[in-house]
Number of protein chains: 2
Amino acid sequence: MSPNPKELEEKLDPRVKRTRGLILQSFDSLLAEKGFESISVQDVTDKAQINRATFYAHFQDKYALLDYSIQKMFMAEIEKRTLSVCSYSPNNLRNLILAVVEFLSMMHSECAQSHQQFESLIEGTIKKQIFDLLSYWLRNSKVPTDIPATVATWAIYGLASHYSHMKKRPALEKFVDEAFPLVAVNLEQFA
Amino acid sequence: MSPNPKELEEKLDPRVKRTRGLILQSFDSLLAEKGFESISVQDVTDKAQINRATFYAHFQDKYALLDYSIQKMFMAEIEKRTLSVCSYSPNNLRNLILAVVEFLSMMHSECAQSHQQFESLIEGTIKKQIFDLLSYWLRNSKVPTDIPATVATWAIYGLASHYSHMKKRPALEKFVDEAFPLVAVNLEQFA
DNA sequence: GCTCCTTTGTTGCTTAGTCAACATTTGAAA
DNA sequence: TTTCAAATGTTGACTAAGCAACAAAGGAGC
């Protein structure tokens with residue numbers, strides 16, 4: 001039984017979960033008050049009340065932390081819709097598309113200044129998350145899933161990116177209704 | 001230079017401070033939802049997200065935790081009035097009396113049901129705190145301080161207990177104005 | 001150029017927290 | 001009363017976090 005993404009984190013040592021939680025909290029609150037580049041590792045560990053050396057036991061540097069933070073935010077969006085522990089269905093796919101579109105739109109509006117700067121980092125991170133999730137959904141398939149999963153991943157991300165960059169965004173539902181079949185067609189065999 | 005009560009806790013290992021903080025938070029929130037007797041050590045450690053064995057590394061049992069919790073609440077009352085790092089003066093004494101009276105009155109109203117049950121525990125704990133604080137205030141005296149400090153401690157606690165049990169409480173200020181000179185007279189030599 | 005100060009990573013040793021297992025105790029239901 | 005589940009304390013071996021000290025890399029100002 002291939003482990004789902006959520007289970008992996010839950011059986012970590014409680015100290016590790018706690019420490020990462022503290023680092024993340026501290027980082028997020030620092031991001032709210034100043035730009036990413038002006039945040040030092042010191043700042044993060046001071047606010048988190050952990051030792052600086054402990055930080056390096058968990059993250060290579062602050063860029064790895066940013067990456068982790070993005071992962072967590074996206075994961076939260078996924079779990080809000082209970083998509084993390086399930087299998088492929090057209091309805092789940094539709095909700096996944098919705099989640100990605102909303103996530104990117106949020107990034108665009110809330111992290112306005114930093115978004116440009118980190119767009120490619122976000123893209124890489126999120127696409128990996130989408131791909132892993134789709135692979136998990138298709139875990140019981142007897143045929144290889146990596147090609148269809150790749151196509152779907154890029155299509156979904158592309159759609160979301162397109163939507164979040166539009167000057168005049170159409171209604172979310174309408175947009176997704178229109179886009180959905182084009183993605184679903186590649187996954188029909190798994191329904 | 002005798003250490004003041006606050007400094008002692010601040011140079012503890014960060015892990016110790018964090019763990020005790022988590023235990024205390026958990027305990028206080030459990031107290032708000034159910035009675036002390038129905039709270040198990042399990043409950044506390046589960047909510048605090050620490051191991052049960054860790055609890056026993058810090059507290060002998062849940063009664064010791066209750067004691068610690070009371071100490072902390074009282075300490076907060078003292079620090080709110082900046083009385084923890086200073087020396088004896090009539091004005092500080094007056095504020096100390098105010099603090100004790102308000103603390104006991106609060107205990108009476110907020111922890112109504114449990115107060116009766118734990119009154120003697122509270123009394124012992126708080127009197128020790130008052131005594132230690134007074135001893136710290138008089139740390140530079142050339143004459144022995146334990147007798148006057150003992151008398152003042154019992155007097156202050158007695159006054160506060162009396163006030164908090166009264167059916168018709170007089171105005172706080174009026175009560176303290178009346179009581180203050182009777183306590184201060186024993187400490188005049190240190191002014 | 002140079003200096004001075006801050007931040008970055010890294011390391012070896014110490015201390016605190018985790019875990020599973022165990023013997024006891026307790027309390028409520030059969 | 002007996003039984004059974006749950007809570008209490010305790011232990012020893014393992015793992016994570018803290019700390020101080022270090023070399024090295026910027027960056028700001030002279």
Side-chain angles (χ1 to χ4, degrees), chain A residues 3 6-31 33-69 72 114 117-118 121, chain B residues 3 6-69 72 113-114 117-118 121:
Chain A
K6 199 173 174 195
E7 283 168 355
L8 287 176
E9 299 235 342
E10 291 190 345
K11 58 178 67 160
L12 280 177
D13 185 301
R15 289 170 290 186
V16 171
K17 279 191 281 180
R18 182 188 314 146
T19 299
R20 294 195 184 158
L22 289 168
I23 291 175
L24 208 51
Q25 252 188 284
S26 160
F27 179 65
D28 288 346
S29 95
L30 283 168
L31 263 188
E33 45 184 78
K34 55 181 173 179
F36 174 75
E37 286 306 342
S38 68
I39 297 174
S40 74
V41 174
Q42 285 271 16
D43 292 339
V44 175
T45 57
D46 285 353
K47 179 163 283 198
Q49 303 198 79
I50 59 143
N51 195 276
R52 199 164 55 86
T54 304
F55 176 92
Y56 289 105
H58 292 271
F59 302 100
Q60 188 160 22
D61 52 33
K62 67 178 184 172
Y63 297 93
L65 173 57
L66 175 61
D67 194 88
Y68 182 71
S69 168
K72 284 298 199 176
S114 50
Q117 190 176 1
F118 302 126
L121 171 65
Chain B
K6 200 173 174 194
E7 283 167 355
L8 288 175
E9 298 236 341
E10 291 191 345
K11 58 179 67 161
L12 281 176
D13 184 300
R15 289 169 291 186
V16 172
K17 279 191 281 181
R18 181 188 315 145
T19 298
R20 294 196 184 157
L22 288 168
I23 291 175
L24 208 50
Q25 251 188 284
S26 160
F27 179 64
D28 288 346
S29 96
L30 283 168
L31 263 188
E33 47 185 78
K34 56 180 173 179
F36 174 76
E37 286 305 343
S38 68
I39 297 174
S40 74
V41 173
Q42 287 271 18
D43 291 339
V44 175
T45 58
D46 284 354
K47 179 163 283 198
Q49 302 196 81
I50 58 144
N51 195 278
R52 200 163 54 84
T54 304
F55 176 93
Y56 289 106
H58 292 270
F59 302 99
Q60 189 161 21
D61 51 34
K62 68 178 185 172
Y63 298 92
L65 173 57
L66 175 61
D67 194 88
Y68 181 72
S69 168
K72 283 297 199 177
Q113 83 291 11
S114 50
Q117 189 175 1
F118 302 126
L121 171 65

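Numbered from 1 within each chain, the chains take letters A, B, ... in sequence-line order.
The line from OG1 of B:T45 to CD1 of B:I23 is 8.5 Å long, rounded to the nearest 0.5 Å. B:R18 contributes atom CZ, which lies 11.0 Å from atom CZ of A:R15 (distance to the nearest 0.5 angstrom). Atom CD of B:E37 sits about 4.5 Å away from atom NZ of B:K62, to the nearest 0.5 Å. To the nearest 0.5 Å, atoms CD1 (B:I50) and OG (B:S26) are separated by 8.0 Å. Here the CD-NZ distance, from B:E33 to B:K47, works out to 4.0 Å after rounding to the nearest 0.5 Å.
Across the protein-nucleic acid pair, B:F55 atom CZ and C:dC19 atom P stand 17 Å apart, rounded to whole Å. A:N51 places its CG atom 16 Å from the C1' atom of C:dG17, with the value rounded to the nearest Å. Taking atom CD1 of residue A:I50 and atom P of nucleotide C:dG17, one finds them 15 Å apart after rounding to whole Å. One interatomic measurement links the two molecules: NZ of B:K17 to P of C:dT15, which rounds to 18 Å at whole-angstrom precision. Put simply, CZ on A:F59 is 17 Å from C1' on C:dT8, counting in whole angstrom units. Rounded to an integer number of Å, the gap from CZ of A:R18 to P of D:dT15 is 18 Å. Here the P atom of nucleotide D:dT15 and the NZ atom of A:K11 are 17 Å apart, to the nearest Å.
Of the candidates C:dT18, D:dC19, D:dA17, the closest approach to any side-chain atom of B:P14 belongs to D:dC19. Residue A:D13 places its side chain closer to C:dT18 than to any other of C:dA16, D:dA17, C:dT18.
One finds a side-chain N or O of A:H58 lying less than 4.0 angstrom from the OP1 or OP2 phosphate oxygen of D:dA17.
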What nitrogen or oxygen pairs link the protein and nucleotides 7-10 of chain D at under 3.5 Å?
{"unit_1": "D:dT8", "atom_1": "OP1", "unit_2": "B:V41", "atom_2": "N", "d": "3.3"}
{"unit_1": "D:dT8", "atom_1": "OP2", "unit_2": "B:V41", "atom_2": "N", "d": "3.2"}
{"unit_1": "D:dG9", "atom_1": "OP2", "unit_2": "B:Y56", "atom_2": "OH", "d": "3.4"}
{"unit_1": "D:dG9", "atom_1": "N7", "unit_2": "B:R52", "atom_2": "NH1", "d": "2.9"}
{"unit_1": "D:dG9", "atom_1": "O6", "unit_2": "B:R52", "atom_2": "NH2", "d": "3.1"}

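A donor-acceptor contact under 3.5 angstrom links the side-chain atoms of A:R15 to the base of C:dG17.
Only one option out of B:F55, B:F27, B:F59, B:Y63 pairs with B:Y68 in a ring-ring contact (aromatic ring centres under 6.0 Å, His included); it is B:F59.
At a threshold of 4.0 angstrom between heavy atoms, the contacts of A:R20 with the nucleic acid are absent.
Using a 4.5 Å heavy-atom threshold, the side chains of A:L22 and A:Q49 count as separate.
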